[in-house]
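Each chain gets a letter, A, B and so on, in the order its sequence line appears, and its residues count up from 1. All values below come from the heavy atoms of this structure, side chains included, with hydrogens, waters and symmetry mates left out.
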Amino acid sequence: MKIYNSLKREKEEFVPLRDNEVRMYVCGITAYDYCHIGHARSAVVFDVLVRYLRDKGYKVIFVRNFTDIDDKIINRAHKENLPWDEVARKYIEAFYEDMDRLNILRADIEPKATEHIEEMIELTQKLIDMGFAYVTSRGDVYFRVRKFKTYGELSGRNIEELQAGARIEPGEEKEDPLDFALWKSAKPGEPKWPSPWGEGRPGWHLECSAMSEKYLGLPFDIHGGGQDLIFPHHENEKAQSEAAYSTSFVRYWVHNGFVQVNSEKMSKSLGNFVTIRDILNNYHPEVLRFFLLTKHYRSPLDYNLESVEEAEKGLKRIYQAVEELEAILSNKKWKKVKVDSSLIEEIKEQQDKFFLSLEDDLNTAKAIGYLFNTVRIVNRIATDKNLRKAEPMKDVLVEIREFLTRAGKILGVLNLAPAVFLEELKDIQLKRKNIAREEVEALIAKRQDARKNKDFALADSLREQLVALGIEVKDTPAGPVWEVVS
RNA sequence: GGCGGCAUAGCCAAGUGGUAAGGCAGCGGUCUGCAAAACCGCCAUUCUCCGGUUCAAAUCCGGAUGCCGCCUCCA
């Protein structure tokens, strides 16, 4: 497949270093708050990448870390009046809750920074010994940025540009404002670990260098994260790792685009942070997941209610087609008739194009288009009285079912039985509109009575009442069926 | 100020040289007591604007305008 490499700034053919094995590292969360929609996008994007690579037959070793010691966690601990490690534990647990609901697979290895202090100290010592780092009088250790010649290569900046923005904070003893911390000496009351340079804690960038080397070795194939991590986090990781191990660090750097909220940057100051759990109060987790995949992973994505509800309608359309497909397949009496082979070719074409889209830099938005084309074909068969019972269609329909299952497994949607999803969706829509199921069912029962009595005027007025509530009733041979509409 | 990205129908969105996927909404039809779903048909001679390259450009180049991100913690 082709994948966009942030380092080269172009799409490249993806070839793993070792035959059939893909080694991949994605920066996980700093556990100091609930996860927001941006975390969800990053998690979903790399989850789909892992799933797709596995579908292609690669053995993927996937590492996603937890930053469980950091300034932000310490600050949060003060605010919540909790021990810092309790804060980390609490938000890691919340992370799992949210990610499980979004159907994000667990990484193969999920290392925590605090469990790798030893490795980080070793790495820091190595950099000091090599002259890439230095210790200050108060026990901080800094990386000597100017000594690392290709610094800025990943983020596309040069030292002079960076110089302008860099500052030395009061009390810091940097040789150069560009230098960044590998080890921070502990202030009174802060969490700390013993080290050759005194008690302190590791700098943020260090953990990913230490843990990726430990679990994957260098160089490894894919390093992922949000676009904002390119600078300084990934630039610094790269500098540390390449300086210490004298080899290239990562072969393909993959970064996902940002999520905006109502066309604005999501930020604490604007107060527009949208957490995953907030969204899942009002929308089905698969809907959120599907929404996140309707735009290419590198483009900015605007989160707004209209777009999510559009995704909801789209996913519902696919599920309804799957339900219909299964209904046709449950038929036992197939008729021996000839069918037009062009239809069969059209179906195959959609499948091929679906996979070709993913081959091209994981274009899920495009791939989903072919899913909808497949849905239209299924519905076309379903509405044709002859086709839906035609013997030659049977194998074709089974194949479509298998295709949709496989596609769903890659995208991490269509994971539920259609009837289950549609009921769950209905519940969450009713909740959103604050309508009780019983209320709807009572009105429908009343309308059925009226219809039996051929009192169509009453039946129609009851229908109008339901429509006013946002409920649409459809009359089927098996009785009335209702849906919530926006 | 420096670096980078993006501008496609009412809305969302794919499309990196060969003549505009898909979804939502809308309109007409089939079906229906009515309606909904579904299906069929319609819905961008045109891709922010101005130049250029080419037989051919939404796609490449130059310029303009607008929006956004990064440069400080951030997925």
Looking at every strand, decide which applies to R64(A) at a 4.0 Å heavy-atom threshold: base, sugar-phosphate, or nothing. nothing

Name the pairing partner of rG62(B), where a pair is Watson-Crick or G-U wobble with both distances under 3.5 Å, or state none. rC50(B)

Check the angle between the aromatic planes of H223(A) and Y25(A) and answer parallel, tilted or perpendicular using the 30° and 60° thresholds. tilted

Students often get this wrong, so: under 4.0 angstrom with heavy atoms, is N373(A) touching a base, only sugar-phosphate, or nothing? sugar-phosphate

rA20(B) versus rU45(B) - spacing of their C1' atoms, nearest Å: 10 Å

Which base sits across from rA38(B) as a Watson-Crick or G-U pair, both distances under 3.5 Å? rU30(B)

Using only heavy-atom distances, decide whether a donor-acceptor pair under 3.5 angstrom links the side-chain of D302(A) to the base of rC12(B). no

Expressed in angstrom and rounded to an integer, what is the separation of L301(A) atom CG from rC6(B) atom P? 16 Å

Base, sugar-phosphate, or nothing for R9(A), non-hydrogen atoms under 4.0 angstrom? nothing

Where the side chain of K11(A) is defined as all heavy atoms beyond and including C-beta, which of rA13(B), rC40(B), rU16(B) is the nearest nucleotide? rU16(B)

Provide the distance between the two P atoms, one in rA25(B) and one in rC68(B), to the nearest whole Å. 30 Å

Measure the distance from CD on E349(A) to P on rG22(B) and round it to the nearest whole Å. 12 Å

Between rU72(B) (C1') and R157(A) (CZ): distance, integer Å: 12 Å

Take atom P in rC40(B) and the same atom in rG4(B), then report the distance between them in whole Å. 47 Å

Less than 4.0 Å between a side-chain N and a carboxylate O, is that true for R289(A) and D47(A)? yes

Counting only side-chain heavy atoms from C-beta out, which of rA75(B), rG15(B), rA13(B) sits nearest to K295(A)? rA13(B)

Atom pair distance, as rounded to whole Å: NZ in K72(A) and P in rC74(B): 4 Å

With distance as the sole criterion, do the side chain of D460(A) and the base of rG33(B) form a donor-acceptor contact below 3.5 Å? yes

If you draw the axis of the six-membered ring of F456(A), does the NZ or CZ of R451(A) fall within 45° of it and under 6.0 Å from the ring centre? no

Counting the atoms with a prime plus P, OP1 and OP2 as sugar-phosphate, which does E310(A) contact under 4.0 Å by heavy atoms, base, sugar-phosphate, or nothing? base

So V467(A), base contact, sugar-phosphate only, or nothing? Heavy-atom distance under 4.0 Å. nothing

OP1 or OP2 of rC39(B) versus the side-chain N and O atoms of N379(A): is any pair under 4.0 Å? yes

Candidate nucleotides rG15(B), rA75(B), rA13(B), ranked by approach to the side chain of D228(A) - the nearest: rA75(B)

Under 4.0 Å between any heavy atoms, over every strand shown, what does K353(A) touch: base, sugar-phosphate, or nothing? Just pick one. nothing

Value in whole Å for how far the C1' atom of rG22(B) lies from CD1 of I368(A): 10 Å

When all nucleic acid strands are considered with a 4.0 Å heavy-atom cut-off, which category describes H36(A): base, sugar-phosphate, or nothing? base

Take M266(A) and Q260(A) through the side-chain contact (heavy atoms from CB on, under 4.5 Å) test and state the conclusion after the steps. CA-CA 6 Å; M266(A) 193 162 55; Q260(A) 316 232 304; over 6 Å; no

Between rG23(B) and rA44(B), how far apart are the C1' atoms? Round to whole Å, please. 16 Å

Counting any heavy atom closer than 4.0 Å, what does R463(A) reach on the DNA or RNA strands: base, sugar-phosphate only, or nothing? base

To the nearest Å, give me how far apart CZ (R317(A)) and P (rG22(B)) are. 11 Å

Can you tell me the Watson-Crick or wobble partner of rG17(B), both distances under 3.5 angstrom? none

Comparing nearest nucleotides in RNA chain B, the 5'-proximal residue of the pair N256(A), G314(A) is G314(A)

Yes or no on side-chain contact (heavy atoms from CB on, under 4.5 Å) for E423(A) and I428(A), after CA distance, side-chain angles and deciding distance? CA-CA 9 Å; E423(A) 278 309 296; I428(A) 206 154; over 6 Å; no

Using the C1' atoms only, state how far rC39(B) lies from rC31(B), rounded to an integer number of Å. 9 Å

Side-chain ion pair, K184(A) and D71(A), N-O less than 4.0 Å: yes

Once you apply a heavy-atom cut-off of 4.0 Å, does R298(A) come out as touching a base, just sugar-phosphate, or nothing? nothing

Earlier contact from the 5' end, RNA chain B, for D70(A) and I377(A): I377(A)

Within the 4.0 Å heavy-atom criterion, would you say V45(A) contacts the bases, only the backbone, or no part of the nucleic acid? nothing

Take the protein atom OH of Y297(A) and the nucleotide atom C1' of rA14(B), then report the distance between them rounded to whole Å. 15 Å

Paired with rC3(B): which nucleotide, if any, by Watson-Crick or G-U wobble criteria at under 3.5 Å for both distances? rG69(B)

Interatomic distance at C1', rU72(B) relative to rG2(B), whole Å: 15 Å

Base, sugar-phosphate or nothing for N158(A)? Non-hydrogen atoms, less than 4.0 Å. nothing

Parallel, tilted or perpendicular: which one describes the rings of Y151(A) and F148(A), with boundaries at 30° and 60°? perpendicular

With rounding to the closest Å, how many angstrom separate the C1' atoms on rC70(B) and rA9(B)? 32 Å

Out of rA14(B), rC34(B), rC12(B), which has the shortest distance to the side chain of S307(A)? rC12(B)

Between rC47(B) and rA14(B), how many Å separate the two C1' atoms, rounded to a whole number? 13 Å

Identify whether a stacking contact exists between F456(A) and rG33(B), where the ring centres must be under 5.5 Å apart and the planes under 30° apart. yes

Would you please confirm or rule out a distance under 4.0 Å between OP1 or OP2 of rA35(B) and any side-chain N or O of K474(A)? no

Proximal nucleotide (of rG33(B), rA75(B), rG23(B)) relative to the F372(A) side chain: rG23(B)

Determine whether the aromatic ring of F258(A) stacks with the base of rA75(B), defined as ring centroids separated by less than 5.5 Å and ring planes inclined by less than 30°. yes

Measure from the side-chain heavy atoms of H39(A) and tell me the nearest of rC74(B), rU16(B), rA75(B). rA75(B)

Looking at every strand, decide which applies to Q260(A) at a 4.0 Å heavy-atom threshold: base, sugar-phosphate, or nothing. sugar-phosphate

E235(A) versus E153(A), closest heavy-atom pair with distance: OE2-N, 3.3 Å

Looking across every strand, which nucleic acid part, if any, lies under 4.0 Å from G226(A) by heavy atom: base, sugar-phosphate, or nothing? sugar-phosphate

On a heavy-atom basis, which atom in L343(A) and which in L387(A) lie closest, and how many Å separate them? CD2-CD1, 3.9 Å

Nucleotide rC73(B), atom P - distance to NZ of K265(A) in whole Å: 12 Å

